[in-house]
2 protein chains.
Amino acid sequence: MTPAVQAMTLDQLRLLVCVAEEGSFSAAGRRLNRAQSAVSYGISNLERLLGIQLFDRSGRRPVLTETGRGLLADAQQVLDAVGRMDARAQGAAGGLELEVNVAVDAICPPALIIALGKAFQERFSTVSLRLHSEVLAGIAGLVLDGTCRLGISGPVGSEGDGLERRFLAHLPMVPVASTGHALAGHPGPIPRARVRSEVQIVISQRAGATRSGDHGVLSATTWRVADAATKLALIRAGLGWGTLPLDLVREDLDQGRLTHLVLDHWGTDPLMAPLFAIMRADSPPGPAGRWLLAHLESMCQSCPELVAANEAED
Amino acid sequence: MTPAVQAMTLDQLRLLVCVAEEGSFSAAGRRLNRAQSAVSYGISNLERLLGIQLFDRSGRRPVLTETGRGLLADAQQVLDAVGRMDARAQGAAGGLELEVNVAVDAICPPALIIALGKAFQERFSTVSLRLHSEVLAGIAGLVLDGTCRLGISGPVGSEGDGLERRFLAHLPMVPVASTGHALAGHPGPIPRARVRSEVQIVISQRAGATRSGDHGVLSATTWRVADAATKLALIRAGLGWGTLPLDLVREDLDQGRLTHLVLDHWGTDPLMAPLFAIMRADSPPGPAGRWLLAHLESMCQSCPELVAANEAED
DNA sequence: GTCATCTATCACCTGAGCTGATAGGAGTCA
DNA sequence: TGACTCCTATCAGCTCAGGTGATAGATGAC
């Protein structure tokens, strides 16, 4: 650590900025309610510490040196950082969280999360938002172990585990396969027995998770993957079929890379997966987290297109 | 400005960080060569200023509060900014520039500039590099008016204007037209008269620039554009023909969107445009700028592929 | 030349923050 | 449980960084 770092003072930096803005030591003194000598003293102290002449005093009023102009920018950055810290502290003193951690299921439509984050940052500029992407019971895990106070989860878990659930929306899920896949060419509804003989790609959990339910598993052979992106990649590659949120496969369906499978016994309605907000009953989120939750609920109600992209598909 | 901002001290932030690292006030005092009471005093001062309890003192040793942990990160950021400022001041005190401004001709291969900037930032982490993109005599203008101490310019300007020139490399230039253009289908070398009747896209200057020479203007009708990107776009769109650096049109040539025109009177060799480094003789660049120049020269000599992409084209 | 206004520097003073001592609390170990 | 260790809070006392106000010299406007 160099000596300058040890001794430099925020006050000196504020002095530097103020003098640069006012264009004179005296004016800066007036604005800061300090004697002109104090300003002069402070600036020369800073110059001595940095080993650099910040102002050219040859004229009537001091004018920033070339290096002075450069270091002024650095001083501004330091003061900005201090200002941010102060704003955050101010918020925290008023009971606001400094960061909100949200566990988000990979099934969740990205558009929803993006809109949510945007609104949040606009409303709470001093609160950092941290998103943890997980799948299935992993969401509940992150909320239960305290990593996240809020989770956005698909339909897993049961009552009585200390979690409070709030229904958000229904996500349309569609069974799909690569257009080159055997099931894709099947004319009309595909009977259960036919599906059973094909490989199904299923999102699954590592060991140690809450029982993951296995709803919708039809095939005898399943491949388990840890996240939605991998599942989509495998299905795209034609390695099997599987159910994915409509939102995630819309583009692939439109461009013909994937085909929407019509399964015999599921009826014609798209499968709807419920999306829940979850939190621990004994440690509810703070003000910013509650605002986030409320905004999420209102968004799900008022803007269904965020949840299900365009509704024109079947 | 809130009161906390006014009174907060860098020393207090360093204290906070040190206590968090050491895990105890006493240990922090030992490391900082200060009495334990000073540390205790400083921390409680900071807490009072922020209106926040940073440490939980109920146990044997103080442990960071949740908000304390959040604000610790802010403190780190502030100290980082201070460290950067100090490093830059240190450099400036040793005669190093705080920023280097370079005027770069749009004709210049991006790969060269990228490699140059990368090497520069690695060598001078405290010096900001600012690139000003211009064309033709605009480069000399930026150097002459003092905005940039260094310029990388194509072949414009004359001697006796107070600029020092150093040859860097020859850039292969190729006359091209969109594949759908009338000239593109011409069998064998295209005679001058035939070229003359087509629109030529030429990079040109706004008023007030040094005379821009107009070398290589063959057609009777010319369209003038201000930058290479627009020129490329117009040629791609089939609005005319023009000469561009091989590097810039390589991909378009490979993919058949553009065609390399063989002009009768230019011979078979590719037209070579010289690239110069220019600077004012009376205000040479500082140490970092000189290093940049030297590195540029050595790169041009030792790595011709940076200047001319692959040489396999004709 | 006159004048207004700037900066540098001095003497002087005040208080923020340091030291060292002390009291009390929290863990640890026999 | 008691002894011991290591921690923190708090106090009195001191010191010097940084404040004030006055003054001298410089600079530019008129």
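Computed from a prediction, not measured in an experiment: that's the story for all the values here. Scope of the values below: all heavy atoms of this structure, side chains included, with no hydrogens, waters or symmetry mates. Labels below follow one simple rule: chain letters A, B, ... track the order of the sequence lines, proteins then strands, and each chain is numbered from 1.
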Classify [X] by what it touches in the nucleic acid, base, sugar-phosphate, or nothing, heavy-atom distance under 4.0 Å.
X       : value
B:Ser24 : sugar-phosphate
B:Phe25 : sugar-phosphate
A:Arg30 : sugar-phosphate

- Distance-only donor-acceptor test (3.5 Å): side chain A:Ser37, base D:dG19: no
Does [N] have its OP1 or OP2 closer than 4.0 Å to a side-chain nitrogen or oxygen of [X]?
X       : N      : value
A:Ser40 : C:dA8  : yes
A:Asn45 : D:dA17 : no
B:Arg57 : D:dA9  : yes

- Side chains of B:Asp74 and B:Gln76: do they bring a donor and an acceptor to under 3.5 Å? no
- Message: If only side-chain N and O atoms count, and only distance matters, is there a donor-acceptor pair under 3.5 Å linking A:Asp145 with A:Thr147?
- Response: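 A donor-acceptor contact under 3.5 Å links the two side chains.
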- Message: Nearest heavy atom decides the nucleotide; on that basis, is A:Ser58 or A:Gly42 closer to the 5' end of DNA chain D?
- Response: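 The residue mapped nearer the 5' terminus is A:Gly42.
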- Query: Which residue lies toward the 5' end of DNA chain D, A:Arg60 or B:Ala27, if each is placed at its nearest nucleotide?
  - Reply: B:Ala27
- Query: Among D:dG21, C:dG17, D:dA17, which is the nearest nucleotide to the side chain of A:Ala35?
  - Reply: D:dG21
- Listed nucleotide nearest any side-chain atom of A:Ala38, set D:dG19, C:dG17, C:dA21: D:dG19
- Item | Parallel, tilted or perpendicular, as decided by the 30° and 60° cut-offs, for the rings of B:Phe120 and B:Phe124 |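 The rings of B:Phe124 and B:Phe120 sit tilted, inter-plane angle from 30° to 60°.
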- Query: Salt bridge between B:Arg31 and B:Glu21, side-chain N to carboxylate O under 4.0 Å?
  - Reply: yes
